[in-house]
Amino acid sequence: MQLQAELVDLLKKAYSAEKAAAFAYQGHAGSVKDANQKKEIHQIEIDEWNHRKEVLSIMQQYNIPVSKRYEFRFHVIGKIISASCYVIGWFMPFYFAGRLESGNVCEYFRMKQFFNQVGIHTHDQLLYDMGIKEKEHEVYFLEKIKTNKLLPLFEKLFSWGKENPFNNIDLDKKYPVEKSDGYCRK
Ligand SMILES: [Fe+2]
Ligand SMILES: [Fe+2]
């Protein structure tokens with residue numbers, strides 16, 4: 001089965017980016033003082049390692065190799081973000097984590113669309129679940145900062161926040177997997 005080049009690249013990138021996210025959350029969990037937040041962020045780290053495993057399992061089914069370039073790049077990025085969490089205060093790690101998660105949501109729905117284009121539906125549920133999980137992550141981080149006085153400024157500067165999600169998923173009115181085709185359409 002020949003997969004689209006864009007899909008292959010999305011898979012390789014997601015595999016490596018999940019590692020960057022997991023590293024980043026190690027620093028984030030380590031740098032917050034609140035014990036609950038520590039636990040919650042550590043759970044998100046575990047979610048990201050699980051995503052990485054799941055993405056790899058899909059790649060292996062199509063003999064897609066891991067990209068050494070992405071592995072290196074995202075390793076460095078993850079470690080830098082992880083270390084920076086200790087020096088940039090409380091608000092920014094939550095803000096940029098939420099912003100990043102918001103963008104990641106559609107990566108998984110786009111993969112699903114690509115697979116569906118070539119008639120493959122076996123990964124629908126998994127990709128849907130991963131997209132929804134990223135949305136839950138986004139909502140978690142947003143909930144923590146939504147009343148913070150810095151949010152309006154950051155929302156203006158970095159164009160993500162309460163009013164500007166990077167995806168059209170609403171967890172309170174979720175579509176089931178078979179009706180989720182309208183998610184992340186441009
Ligand atoms: Fe993830
Ligand atoms: Fe995530």
Side-chain angles (χ1 to χ4, degrees), residues 6-32 36-61 64 66-67 70-82 84-85 90-115 123-146 154 158 160-162 164-172 174 177 180 183-184:
E6 213 179 325
L7 172 57
V8 170
D9 189 60
L10 271 178
L11 286 161
K12 289 178 179 176
K13 206 188 278 175
Y15 174 74
S16 299
E18 290 290 359
K19 178 175 69 172
F23 281 162
Y25 291 132
Q26 288 172 354
H28 193 184
S31 66
V32 295
N36 271 328
Q37 290 174 8
K38 237 182 227 312
K39 234 189 2 223
E40 289 157 353
I41 298 167
H42 178 60
Q43 179 55 53
I44 295 177
E45 182 204 335
I46 294 170
D47 292 344
E48 311 301 11
W49 288 123
N50 285 333
H51 286 172
R52 181 164 154 95
K53 235 180 280 162
E54 302 285 14
V55 172
L56 184 65
S57 77
I58 296 177
M59 288 166 68
Q60 284 167 342
Q61 292 174 48
I64 299 169
V66 168
S67 160
Y70 284 148
E71 278 294 278
F72 177 74
R73 188 202 295 176
F74 284 105
H75 189 104
V76 173
I77 290 174
K79 290 292 183 188
I80 291 173
I81 298 175
S82 182
S84 75
C85 288
W90 182 89
F91 175 82
M92 277 201 268
F94 277 91
Y95 179 83
F96 287 108
R99 189 181 187 282
L100 194 85
E101 295 285 356
S102 189
N104 286 348
V105 173
C106 282
E107 302 288 286
Y108 287 114
F109 286 102
R110 283 179 62 218
M111 288 178 205
K112 178 175 169 294
Q113 289 162 14
F114 277 120
F115 275 116
H123 312 300
D124 283 7
Q125 187 68 52
L126 180 62
L127 293 169
Y128 172 91
D129 289 343
M130 290 199 283
I132 295 290
K133 183 60 81 183
E134 305 298 16
K135 183 68 193 182
E136 289 169 10
H137 293 166
E138 176 190 1
V139 169
Y140 167 76
F141 291 115
L142 185 59
E143 281 296 313
K144 288 280 181 275
I145 55 169
K146 70 177 184 196
F154 274 70
F158 301 103
W160 171 83
K162 267 187 295 193
N164 307 296
F166 292 146
N167 58 74
N168 59 343
I169 287 137
D170 181 349
L171 289 180
D172 297 329
K174 229 183 337 190
V177 58
S180 64
Y183 284 159
C184 303

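Counting starts at 1 for both ligands and their atoms, following the listed order. Hydrogens, waters and symmetry mates play no part in the numbers below; they use all other heavy atoms, side chains included. These numbers were taken from a predicted model, which means no experiment stands behind them.
- Taking all atoms of both residues into account, the shortest heavy-atom contact from Ala29 to His42 is CB-N, 4.2 Å.
- Every residue two or more places apart in sequence or in another chain that forms a side-chain contact (heavy atoms from CB on, under 4.5 Å) with Lys174 is listed here: Tyr128, Ile132, Leu171, Tyr183.
- By the salt bridge (Lys or Arg N to Asp or Glu O under 4.0 Å) test, Lys79 is found to be paired with no residue, residues two or more places apart in sequence or in another chain being considered.
- Residues passing the side-chain contact (heavy atoms from CB on, under 4.5 Å) test with Asp124 are Lys112, Asn116, His121, Val177, sequence neighbours excluded.
- Phe141 pairs with exactly one of Tyr25, Tyr95, Trp160 by the ring-ring contact (aromatic ring centres under 6.0 Å, His included) rule, that one being Tyr25.
- For the Fe ion (ligand 2), protein N/O/S neighbours under 2.8 Å (waters excluded) are Glu48 OE2, Glu101 OE1, Glu101 OE2, Glu134 OE1, His137 ND1.
- At least one side-chain heavy atom of Trp49 sits less than 4.5 Å from a side-chain heavy atom of Lys19.
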